[in-house]
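The structure appears below as structure tokens.
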Amino acid sequence: MSETPLLSIDSLSVEFGRGEGPYTRVVDNISLNVGRGEKLALVGESGSGKSVTALSVLQLHETNLCRYASGKILFEGNDLLTYNDSQMRGVRGRDIAMIFQEPMTAFNPVYRIGDQLIEPLLIHEGLDRSAARKRVIELLDRTGIVDPHKRIDAFPHMLSGGQRQRAMIAMALTCKPKLLIADEPTTALDVTIQVQILELLEDLQQDFGMSVLMITHDLNMVRRFADRICVMQEGHLVEENSVQVLFDAPQHPYTIHLLNSQPESLGVENEALEDNKILLQAEAIKCYFPIKAGFFNKHVGDIKAVDHISLDLVRGETLGIVGESGSGKSTLGMCLLRLQNCEGAIVLNGQNLQQLSPRQLRPLRKNFQVVFQDPFSSLSPRMTVEQIIGEGLRVHFPEMNQAQRYALIVKTMQEVGLEENMLSRYPHEFSGGQRQRIAIARVIILEPKLILLDEPTSALDVSVQKQVLALLRDLQKRHEVSYLFITHDLRVIRAMAHRVMVMKEGQLIEAGKTEDLFTQPKSDYTRALLNASLYSA
Amino acid sequence: MTQVKLTTARDEQLRQVNASQTIRAWRRFRANKRGYYSLIIFVLLFGLSLFAEVLSNDKPLIVYYDGGYYFPLLKSYSEKTFGGDFDTEADYVDPYVEKLITQGKNWAIYPLNHFYYDTINYQNTAPNPAPPSAQNLLGTDDRGRDVLARLIYGFRLSVIFALILTSIGVVLGVIAGAIQGYFGGRVDIISQRLIEIWSAMPELYLLIIFASLFQPSVLLLIVLLSLFGWMGLADYVRAEFLKGRNMDYVIAARAMGLSDRAIMWRHLLPNGLTPVITFMPFRISAAIMALTSLDFLGLGVPPSTPSLGELLAQGKDNIESWWLSLTTFVVLVGTLMLLIFIGEALREAMDTRRGG
């Protein structure tokens, strides 16, 4: 590259800390260039410093919490780190724009979409309102929003996740920036929409001739998208190469590790399960949420979250429940565990759970347990690991004494790959993967027959994801537990499940053995889902 | 900001997180110097005031009389014990008794301040209220009682009263808020309306009515003020529980088969205590203010009780006697300020976003 790059980060280090206190180096001596019209992807797991690097470009950190220990950020030859606030404001939005991961929180909920999109035009371009409004409608149209002249007056909550992300992109493009920083732009979206957003970004990038700095944890997602990839690990840049070279001949062991952490089938044997006894049988599960309107709360209709779903599950089997957000898969799970009121029959181990009162149900609860998606919110932050894991024992095995309980807790800890000396620590002292192990330990210590896994790996980094899945498989083999595995991630389900159910808008679309469903999908929706997830694979 | 938190390097993370939440909160509290020293001063003052009987009393601590030791603080002795004339308890303020127990080989150790809160100094030459003198360091009030003694006992009574009132308020508020927030729905709506009706009751009129119906006493005041004092806190606890009850760890606890009470106690309460603890010092100072103003209006504690509000009222009636109003004012403002500084530091300590 003979010309000067558009953005050039030169041996940048960022440290976090407060006042005098110790400073932690989060980004260490990073150098990278983004050329004009180039698509660069910055890839790394959580904690690698990729977002911090990107936020440094726009200096969007809290200034009293961080300092730049060394380095320069040259944008068109000018060092952004020497800019003062008002100079920075001239750059933000006009020359460099940013889109964020969570489109819901990136918009201010009390303003209309249009008002928020018009704002940069008024500030940076000095347009009057009606001209700006026209531009915004064009842009919304360009980003693929249907009826842009109507949508411009919508509030953020009236748009779907995909539409919001499109509006977000439109907002970033209002001033025709030279560089677009996209921080995990598709992570919060459903797979089918992820593909659309990526295609849109690619399309717009060529149209506007801008550079894109894409930040993501998903190496495979950027394979189609980026020209070059930088891999970060714990604040260091470990590898930088063109997509072709990086995927064909990765150099650094960490890159190889990342590439290998895609979940692969861990050997699912359907035959072995055939003579097993039926554990769970659910008949015509129905869960409607009433829509009420008017002063007297008249019942005007229902949201059919789960609509006549039947399923059965044998011992030691994994049933995958797949669907996009809003498909009712989580609600179905909650219904089956009787944590959500519903209609229909649920028979577990020959006992109809629907006929039992909450009090009668309580002692049986040790047989069916749940592991949640987010290991940060599923563990009480004010309890030690020992208290968390031992809690179920206190309830269901009150006859155990302190020593027996402790011994069992330690044994379970070892079984899920944790150490005994972690027992007195609090959840926030653990990484995401370790927390998920704690959540699993809390559940299996009761030796349940059925575990509901509600997106158990979605919040984890890919390499950790693989470990957790292996642990789950291992536990299933050893204890003959049945899993109800809820997820939106088809790759994970293919690796884990014996059978799969596809749900959409509360209804069952298709069900069958995993391999059959993946190789010969019967419905169009399943096919669309498969295509979307293969795009990034 | 979670992203930023996640990205701290590993060793630093380990160093920091090894401290439990409580220790980290304490560290943050200590970082606020003003609040930290306020807490030390307040605890010291309150601690000392708990021993007010030893610091400020009209009875000697130890009397050595005729080869025997006497402890008038703990036991009542008749005047005859010390060679006097009456069978009644010795009046140690009486110069005659004082002479009996200090002449010859006999001696007595008096507390630092020679007056109990209701001791009337008959020996004073100046008319009451008397200005500060060597005997009455802060003067006397309009009945000849020592102001310093009344301030010490009044401070103690105010703080203890406030602590009791706040504790009752916290317990009631947490229970009410927890039930509303945890069960939500109809329980919540109905009890919210009941609270609204209850809070519309004119508190002051009720106090005036009750003050005329019953013999005024500290207990009656605590009961009456407790009836209304819990509602503000209940709102905060309710909000915390409403937020917390849909958290995954609460659902996980329900799936585990825990009873409602156990979930509320073990899972929701520890996570919902932040507003309770943060508001505690402010509620204590509000309770002190309430007691003082009621006493000032004459609706509070019975007349002989040492009370800051009653002293303030005397200061108003004897406007030239500056030692009445000024000293009470200093004590009151000092106490409230210490409490507010402590509250400020607590609020910062409870703010986990501050790191440390």
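A, B, ... follow the sequence lines: proteins, then strands. Residue 1 opens every chain.
- The candidate with the highest count of non-hydrogen atom pairs below 4.5 Å against chain B, out of Gly392(A), Ser378(A), Ala439(A), Ser424(A), is Ser378(A).
- One finds no salt bridge joining Glu419(A) and Arg425(A) here, because no Lys/Arg side-chain nitrogen approaches an Asp/Glu carboxylate oxygen to under 4.0 Å.
- Residue contact with chain B, scored on non-hydrogen atoms closer than 4.5 Å, involves the backbone of Phe368(A) exclusively.
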Could you walk me through whether Leu42(A) and Thr53(A) satisfy the side chain to side chain contact (heavy atoms under 4.5 Å, CB included) test, starting with their C-alpha distance in whole Å, then the side-chain angles of each, then the deciding distance to 0.1 Å, before giving a yes or no?
CA-CA 9 Å; Leu42(A) 199 54; Thr53(A) 309; 4.2 Å; yes
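- Highest contact tally toward chain B, considering only Val370(A), Leu339(A), Val395(A), is held by Leu339(A) [criterion: heavy-atom pairs under 4.5 Å].
- With chain B as partner, the option from Lys366(A), Met383(A), Gln373(A), Gln387(A) having the largest number of non-hydrogen pairs under 4.5 angstrom is Met383(A).
- Closest approach of Ser377(A) to Met247(B), counting heavy atoms only: CB-CE, 4.2 Å.
- Taking each heavy atom of Arg362(A) and Asp260(B) in turn, the nearest pair found is NH2-N, 4.3 Å.
- Remark: side-chain polar atoms of Arg347(B) are not paired, donor with acceptor, to backbone N or O of Thr278(B) under 3.5 angstrom.
- Proximity to chain B (any heavy atom under 4.5 Å) is shown, for Leu364(A), by neither the backbone nor the side chain.
- In terms of heavy-atom pairs under 4.5 angstrom with chain A, the leader among Ala252(B), Ala262(B), Gly244(B), Ala253(B) is Ala252(B).
- Proximity to chain B (any heavy atom under 4.5 Å) is shown, for Arg359(A), by neither the backbone nor the side chain.
- In terms of heavy atoms, Ile342(B) sits closest to Gly35(B) at CG1-O, 4.0 Å.
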